[in-house]
4 protein chains.
Amino acid sequence: MSHNTFGHLFRVTTWGESHGPALGCVVDGTPPGLPVDAARIQHWLDKRKPGQSKYTTQRREADEVKILSGVFEGRSTGTPISLMIENTDQRSRDYGEIAKAFRPGHADYTYWAKYGIRDYRGGGRSSARETAARVAAGAIARDILHGVTIKGALVQMGSDAVDRAAWSWEETENNPFWCPDATATTRWADMLDRLRKDGNSVGAVIEIVASGVPAGWGAPVYGKLDADLAAAMMSINAVKGVEIGAGMAAAALTGTQNADEMRMGQDGKPIFLSNQAGGILGGISSGQDIVVRFAVKPTSSILTPRRTVTVTGEETEIVTKGRHDPCVGIRAVPVGEAMMACVLADHFLRHRGQVGQGSL
Amino acid sequence: MSHNTFGHLFRVTTWGESHGPALGCVVDGTPPGLPVDAARIQHWLDKRKPGQSKYTTQRREADEVKILSGVFEGRSTGTPISLMIENTDQRSRDYGEIAKAFRPGHADYTYWAKYGIRDYRGGGRSSARETAARVAAGAIARDILHGVTIKGALVQMGSDAVDRAAWSWEETENNPFWCPDATATTRWADMLDRLRKDGNSVGAVIEIVASGVPAGWGAPVYGKLDADLAAAMMSINAVKGVEIGAGMAAAALTGTQNADEMRMGQDGKPIFLSNQAGGILGGISSGQDIVVRFAVKPTSSILTPRRTVTVTGEETEIVTKGRHDPCVGIRAVPVGEAMMACVLADHFLRHRGQVGQGSL
Amino acid sequence: MSHNTFGHLFRVTTWGESHGPALGCVVDGTPPGLPVDAARIQHWLDKRKPGQSKYTTQRREADEVKILSGVFEGRSTGTPISLMIENTDQRSRDYGEIAKAFRPGHADYTYWAKYGIRDYRGGGRSSARETAARVAAGAIARDILHGVTIKGALVQMGSDAVDRAAWSWEETENNPFWCPDATATTRWADMLDRLRKDGNSVGAVIEIVASGVPAGWGAPVYGKLDADLAAAMMSINAVKGVEIGAGMAAAALTGTQNADEMRMGQDGKPIFLSNQAGGILGGISSGQDIVVRFAVKPTSSILTPRRTVTVTGEETEIVTKGRHDPCVGIRAVPVGEAMMACVLADHFLRHRGQVGQGSL
Amino acid sequence: MSHNTFGHLFRVTTWGESHGPALGCVVDGTPPGLPVDAARIQHWLDKRKPGQSKYTTQRREADEVKILSGVFEGRSTGTPISLMIENTDQRSRDYGEIAKAFRPGHADYTYWAKYGIRDYRGGGRSSARETAARVAAGAIARDILHGVTIKGALVQMGSDAVDRAAWSWEETENNPFWCPDATATTRWADMLDRLRKDGNSVGAVIEIVASGVPAGWGAPVYGKLDADLAAAMMSINAVKGVEIGAGMAAAALTGTQNADEMRMGQDGKPIFLSNQAGGILGGISSGQDIVVRFAVKPTSSILTPRRTVTVTGEETEIVTKGRHDPCVGIRAVPVGEAMMACVLADHFLRHRGQVGQGSL
């Protein structure tokens with residue numbers, strides 16, 4: 001991962017700002033012959049689209065993707081696939097306040113400190129609108145990964161976690177939070193109503209699970225599958241922590257609790273009696289489910305006044321009006337899925353390059 | 001990060017196995033004219049060296065570094081610096097058992113699944129001995145970072161965390177755990193004695209802090225400083241989670257608690273009233289302390305029998321004899337410091353390349 | 001250089017096919033604060049534009065560039081600059097013949113052999129239309145290179161070379177060939193008229209010169225400035241040879257003839273008494289003019305029937321109708337200039353990153 | 001190619017100076033299970049070794065390679081292979097003169113201009129001794145390329161070219177020049193005797209041919225096989241020009257002469273009636289022989305006095321004593337072969353990664 005590109009063989013370069021004419025990505029290294037059309041990509045973009053429930057930003061973007069290259073007669077040609085999403089609802093408004101002062105918790109100050117210039121409109125390049133391009137790229141990545149299923153869920157909002165005993169993947173499709181626990185849904189809806197009334201926001205934890213990944217993807221020791229996943233998830237806006245398998249809780253385990261014991265499965269492959277490892281050992285997939293979690297901090301754009309300073313060095317207070325998600329973690333679910341797909345597609349191709357297993 | 005290389009402008013390639021003749025690294029991109037000698041590197045290697053207390057592996061390695069290139073009359077020439085550490089205490093023994101069966105929690109099975117061949121002696125490439133090369137590279141990185149101080153501490157062993165009110169960086173030098181809280185030290189010593197007696201092991205959490213990093217290092221959106229730190233820490237053996245600033249706990253915060261408010265400092269630079277962000281906003285350093293934490297799982301090599309399978313598909317039990325750390329997290333402290341140094345050195349050079357600030 | 005991206009710190013990713021809706025590039029790593037607007041880029045694109053004289057293809061493309069990101073209030077922000085050029089004159093016609101048979105000298109067969117699918121319309125990705133994106137990126141690169149002047153000329157058409165004693169850079173602007181020797185111009189015009197009548201085409205040699213490059217850019221030993229220039233020029237469509245300084249003729253020199261002797265200049269810097277080295281020694285610029293030449297093969301699309309085979313394995317003959325340049329070398333001049341600019345911009349930033357000279 | 005590393009999936013990092021304790025390389029990305037032992041590598045190193053005839057430097061180096069990692073029981077494990085060659089004949093001598101003055105034609109001045117420090121002993125990092133590491137890496141690359149044969153020859157010394165009608169690959173093994181034309185051998189021997197007497201040197205042209213490369217390796221448009229070959233050859237010390245197929249002479253051809261016509265072969269694959277393309281079309285291999293030529297300038301270290309300047313700015317003359325090759329082009333033959341092997345191995349793995357053809 002470097003600058004605005006990630007991946008080695010399956011490689012994605014994104015571009016665009018929140019309030020520019022468009023945003024998009026160039027997806028390079030796609031195997032040829034893959035079915036690619038706008039509808040397949042749109043399916044996943046719609047999942048991330050703003051304005052779909054009262055719990056996400058009311059900005060209205062169609063997020064309609066256009067394929068500009070790399071596809072011929074409905075199939076990938078192996079050359080770069082350029083995808084573009086035009087911005088249509090950059091609401092015309094007065095940027096005076098955020099042009100002059102740095103919003104706490106945002107990248108306003110650091111962009112300015114680094115570059116000496118910043119596109120302050122809607123956060124410019126640091127806006128989460130950039131993640132639409134990731135989702136579009138992820139849609140292509142999914143189609144490379146025959147036999148692999150990638151699913152995501154919101155497992156904690158604020159300090160309220162789901163009951164894992166009540167987990168249902170189907171349930172994630174039935175509520176606006178991608179919550180796998182039906183009983184948590186109503187509590188979370190109440191929480192968000194209350195926070196919105198208070199002009200406040202809240203953080204969340206997302207879990208992404210990839211099933212069907214064969215043993216052997218990943219590479220020692222700086223191309224570890226978990227290292228790439230950690231970078232991929234940490235690169236998503238507002239993420240502050242990433243866990244694989246047992247994650248931070250691994251610290252509290254003993255060796256006997258932690259190491260996943262093995263027996264022989266009926267198909268001649270080992271089976272593991274637990275999955276503390278999250279499907280990755282020594283940076284290489286073990287054949288178990290790949291389990292990644294990440295924490296998203298609360299939206300920094302809130303209606304409660306916060307102390308800050310201006311570009312010219314005066315102390316002031318700022319209130320960030322606008323159409324903001326009270327819990328940006330919700331829309332991070334499809335983004336996390338997309339990043340999982342992109343990392344896995346890249347590692348599948350890298351593995352096939354070095355070791356030569358021709359197909360999944 | 002790819003294969004066995006990490007970094008872009010400051011670039012480190014490591015090589016070597018636990019029981020081969022030597023291990024080492026090639027450090028490329030070092031600015032010219034930097035004082036480099038074996039003693040400066042040895043200082044940091046000695047900190048990581050095994051066999052220094054009864055709480056770490058009793059393998060006796062001098063870990064003496066040799067400089068093979070890139071240095072002339074005591075200074076870096078700007079060309080690749082090759083460092084080599086010879087293995088001297090690969091105890092001659094019978095590898096029969098681990099040659100035949102996969103140790104649970106180790107990379108034995110995944111290496112075999114990927115490559116169809118593995119150097120099983122001491123874990124081969126997946127051994128934590130590789131981290132000596134990181135520490136050597138980190139020693140050079142530190143010298144590039146004028147004005148930056150990097151310190152590490154063990155902040156939790158098992159479920160027993162330090163009292164942050166009692167934090168003393170000086171104290172980390174006074175005990176074999178790099179523990180910043182003197183009162184925790186005795187509790188931890190007891191814990192390890194007990195675990196060792198039980199043939200068991202335990203995990204830990206390490207915290208690395210870099211002070212003096214100016215605002216502006218890092219790059220959107222896939223070259224984020226925190227994304228690179230996440231990959232760097234996750235690439236260390238046995239790490240299962242990485243946090244920046246508030247980390248996973250950010251999920252439980254509200255927007256008013258989380259966003260670090262700003263006032264003007266006397267030096268004309270903003271000061272932050274808290275550091276939930278861990279010194280990074282939008283992937284770019286803010287001028288605050290960079291704070292990273294990571295969890296290390298318990299040593300998988302334990303004397304308690306574990307169920308596993310053999311290379312030929314039989315079910316069996318395995319006991320991993322040998323000279324193992326009951327808490328590998330302890331020796332991960334200098335490794336985490338080294339990775340912080342390497343990532344920062346790379347980002348310093350990348351920032352200087354794009355934006356041109358000639359010196360720290 | 002890898003896939004569809006080149007450069008390390010100044011990094012260009014291009015996309016698009018000859019007959020798709022558009023083509024373009026993403027320029028990443030541009031220093032912030034640089035004046036960037038469509039008109040500055042258009043200036044260079046117009047130089048490469050087809051249909052400007054009777055000696056180049058009569059395809060009519062406005063080649064109008066749109067800036068989609070990375071620029072705010074007329075200045076670069078340091079984030080990726082996305083440039084798009086819409087295709088407007090993809091003449092509707094019957095592709096039946098080239099869909100079925102491989103045109104000799106073109107990439108038709110190799111794309112098909114590699115990917116099993118190809119966009120045959122106008123050559124798809126292998127069309128020289130891709131070079132419009134390079135010229136657009138080169139326009140930005142030039143603005144990074146304060147004090148550096150990059151000029152190109154056609155120095156040989158067929159076997160007819162210019163008279164170097166008659167060299168005039170001004171003259172290159174006065175004829176449709178970028179020819180620096182006024183007397184060669186009429187000969188070349190006659191040659192092209194004759195070739196066109198014969199349904200034939202011809203090759204050419206282009207020379208690109210960069211003045212004002214300070215000593216010190218480039219890097220041993222695989223980041224050599226000349227190695228990167230060689231790759232950059234060889235990546236241009238139809239290029240079959242690249243020379244630096246004396247080039248292939250260096251083989252026939254003796255040591256006394258070849259090594260450029262040095263004296264002291266009045267400004268305290270060495271001056272060289274000749275420039276056989278083409279401004280590069282050991283992969284690093286010497287402060288002299290950087291001189292690169294490359295040979296472009298004759299256009300393979302000709303009206304003379306050529307023997308070939310079809311996708312289904314039959315032998316046949318093909319005549320490539322359409323609007324083709326009788327000497328593609330002509331329009332390669334601005335492309336070569338652009339590649340020189342991009343390579344130098346990248347090396348300037350890389351040099352500044354490692355060594356820290358803050359400005360040109 | 002960047003800094004001291006080249007390749008993407010098959011990746012080589014070299015290190016070491018002419019007069020340091022050792023030099024070597026780290027070869028990363030080797031497929032697992034490949035037979036690798038010191039003898040196989042030594043075979044190719046011996047071909048490049050100095051002091052083998054009176055026409056190459058009399059420096060006596062055993063160039064004995066040691067394998068430090070990545071190999072287990074005689075086979076590659078897929079982890080980095082570290083190779084080391086100790087320097088044994090760094091003749092103790094007075095470096096006073098070249099420490100103070102810049103040798104014309106060498107990298108002395110440019111290294112000093114870039115870094116402000118240089119290891120002047122024997123040219124330091126810019127010495128052709130570095131190419132031993134390339135040859136060692138190339139030995140491994142060859143073994144990855146089942147079915148591919150790579151051969152090299154010196155085809156021109158000074159202005160005296162071989163007679164292609166008299167070409168014999170066997171003959172290249174019978175003379176100290178790798179000359180394929182027995183009649184040229186005696187002329188060249190005379191030429192070198194004369195030049196040595198005159199304290200002079202001469203350039204050369206080398207041709208490298210790879211047979212058996214299947215159609216489909218390479219990638220548009222910045223990962224073109226010919227672009228990577230151009231960079232690889234230009235990165236070899238003293239190379240000033242690189243040609244593919246017809247090379248610079250392509251400029252003088254017409255379209256009818258240049259485009260290689262195709263017929264159907266008996267094996268169902270197309271055959272080409274000529275090979276002006278040098279086996280590469282659109283950056284992708286066509287199945288024909290890959291033909292690359294490069295020009296090596298005459299050795300700059302000569303006994304004839306040359307005008308130069310000193311580090312402190314005085315004008316002076318310099319005579320480069322020592323044990324130098326009168327025609328460095330001779331020993332460039334095995335180096336060019338090695339670079340061809342490394343580039344092809346990398347492209348084989350990259351192709352297999354994207355397109356999935358599991359084996360050669």
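Scope of the values below: all heavy atoms of this structure, side chains included, with no hydrogens, waters or symmetry mates. Here is the naming used below: chain letters follow the sequence lines, and residue numbers restart at 1 for every chain.
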Side chain to side chain contact (heavy atoms under 4.5 Å, CB included) for Arg118(C) and Thr77(A)? Distances and angles first, verdict last.
CA-CA 6 Å; Arg118(C) 70 191 168 100; Thr77(A) 61; over 6 Å; no

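Inter-residue side-chain proximity for Asn4(C) and Arg11(A) is flagged as unmet; no heavy-atom pair is nearer than 4.5 Å. Contact annotation: the side chain of Tyr111(A) approaches that of Thr79(C) to within less than 4.5 Å [non-hydrogen atoms, C-beta and beyond].
Among the candidates Pro32(C), Pro31(C), Pro80(C), the residue making the largest number of heavy-atom pairs closer than 4.5 Å to chain A is Pro80(C). The greatest number of non-hydrogen atom pairs below 4.5 Å with chain A, out of Thr13(C), Ile117(C), Asp28(C), is found for Asp28(C).
Applying the ring pair (Phe, Tyr, Trp, His ring centres under 6.0 Å) definition to pairs two or more places apart or across chains, none involves residues 23-42 of chain A.
The CH2 atom of Trp15(A) sits 10.0 Å away from the CG atom of Leu83(C) when rounded to the nearest 0.5 Å. Note that the OG atom of Ser82(C) and the CG atom of Leu23(A) stand 9.5 Å from one another [nearest 0.5 Å].
Closest non-hydrogen pair, His3(A) versus Leu9(C), comes out as NE2-O, 3.6 Å.
Contact residues of residues 65-72 of chain C toward chain A are Ile67(C), Leu68(C), Ser69(C), Gly70(C), Phe72(C) (heavy-atom distance under 4.5 Å).
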